[in-house]
There are 2 protein chains.
Amino acid sequence: MSEPEEHVVLDRDDLEAWAALATMLEWLPAALDAGLRRNANLTHFEYGILYALADAPDHTLRMSVLANYANSSLTRLSRAAARLETMGLMHRAPDPSDGRYTLATLTKLGLEKFQHATPGHVQTVHQLILDPLTQAQRRQLREISRRITRAIRDEEGWQPATSRDRSG
Amino acid sequence: MSEPEEHVVLDRDDLEAWAALATMLEWLPAALDAGLRRNANLTHFEYGILYALADAPDHTLRMSVLANYANSSLTRLSRAAARLETMGLMHRAPDPSDGRYTLATLTKLGLEKFQHATPGHVQTVHQLILDPLTQAQRRQLREISRRITRAIRDEEGWQPATSRDRSG
DNA sequence: CGCGATGACTTGCTCAGTCAAGTCAAACCG
DNA sequence: CGGTTTGACTTGACTGAGCAAGTCATCGCG
């Protein structure tokens, strides 16, 4: 009755690490979104799409490739693309050389939006994540994140995207 | 990779730390939810509610207190409570001593569900988060998470829940 | 050529979450 | 007392995401 879990427990250190991570997991995405929403009216996910397109040759990518970059299911990307399209930030069209593919292209407005949003977002990342840490911690954060990410991939055999990027 | 942003950038180390974190942020919550969903058909959030109630005297808490424990808005909790109620896992009733409050109580079934779900969840946390890390990294993870969480609180003046201070 | 298989999206349904507005009980104040 | 305010939820309208089913172009094979 005092301890709700009777079988297996996390020891004190583990519990603290887990609790701290869980709290961060709860708040950080919302905080990141909030910054972007305030200064560009974009979600972090949408920003990621603009980022990938801005970075691509001709500001153009196939939807499926874009879904990979954004760690997203094709469904989710499709919906987001529809939103960004109505905002005039991007534009979809069938690939003229192979009608099965859809090419997403950043519009001029979309590029401007991205460029407008970026400095503030970088600043947010600094304020919330990098500046509070020592340089050693930043390196640890990278390593820790990678290990956890790898564990997820390994354990789950998991892929969120429709993926199977066989480009070509 | 050319840099699409022209003004301010993250240096290589920072960028890697941030990218690694962003990837983890994208996958970890889904992976955690997936484990719980598989072995108990609960979301992580719902599990958190059961956890808090199981831990409370008489397995009972006020909704607003519960919202605190769960880092949740009252609205979100209210919806989740409705769900858990239809599953027969908990039960709400006005506080007899002060009708403004609502008391949430774990049912017998809810407690069983929680106890059933816990070992698997703890195992998932171990597999995905703790086991892949060295002990030093676990301590670093705790510290890093706390620093980031503190930065969020400080920068944003932010509170997701408890007191909705809508003046009006 | 023609017809089924395959792959790349897109869409209908449904659900969880948010914001804003509503409800309802108690406290506060004249 | 009675009206107003306050605080604790709850609800309505709407949005974003997932799954599964659908669409549509091309490919493979006879």
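In what follows, every chain begins at residue 1, and chains take the letters A, B, ... in the order their sequences are listed.
In this structure, A:Asp98 places its CG atom 16 Å from P of D:dC24, rounding to the nearest Å. Atom P of nucleotide C:dC9 and atom CG of A:Leu61 are separated by 11 Å, given to the nearest angstrom. Distance, A:Ile49 CD1 to C:dC9 P: 13 Å, rounded to whole Å. Rounded to an integer number of Å, the gap from B:Leu74 CG to C:dA21 P is 18 Å. As rounded to whole Å, 11 Å separates atom C1' of D:dG7 from atom CZ of B:Arg62. One atom, CG of A:Asp95, and another, C1' of C:dC9, lie 13 Å apart when rounded to the nearest Å. Nucleotide D:dT10 holds its P atom 11 Å from the CG atom of B:Leu66, rounded to whole Å. Rounded to an integer number of Å, the gap from OH of B:Tyr101 to C1' of C:dT23 is 17 Å.
The environment of CD in B:Glu112 is crowded: more than 12 heavy-atom neighbours from other residues, nucleotides or ligands sit within 6.0 Å.
Within the structure, every side-chain polar atom (N or O) of A:Arg92 is placed at least 4.0 Å from both OP1 and OP2 of C:dC9. Distances shorter than 4.0 Å separate none of the side-chain N or O atoms of A:Ser78 from OP1 or OP2 on C:dT11.
Using a 4.5 Å heavy-atom threshold, the side chains of B:Met90 and B:Thr105 count as separate.
With hydrogens and angles disregarded, a donor-acceptor distance shorter than 3.5 Å links the side chain of B:Glu85 to the backbone of B:Arg92. Formation of a donor-acceptor pair under 3.5 Å by the B:Thr107 side chain with backbone atoms of B:Gly88 is found in this model.
Taking a cutoff of 4.0 Å between a charged side-chain nitrogen and a carboxylate oxygen, B:Glu143 and B:Arg139 do not qualify as a salt bridge. Taking the charged nitrogens against the carboxylate oxygens, A:Asp14 and B:Arg138 do have a contact shorter than 4.0 Å, which makes a salt bridge.
Listed nucleotides D:dA25, C:dA25, D:dT10 differ in distance to B:Arg100; the shortest reach to its side chain belongs to C:dA25.
The aromatic ring centres of A:Tyr69 and A:Tyr51 sit 6.0 Å or more apart.
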What string of B, S and - do you get for nucleotides 14-23 of chain D, 5' to 3', if B is base contact, S is sugar-phosphate-only contact and - is no contact with any protein heavy atom under 4.0 Å? --SSBBB---
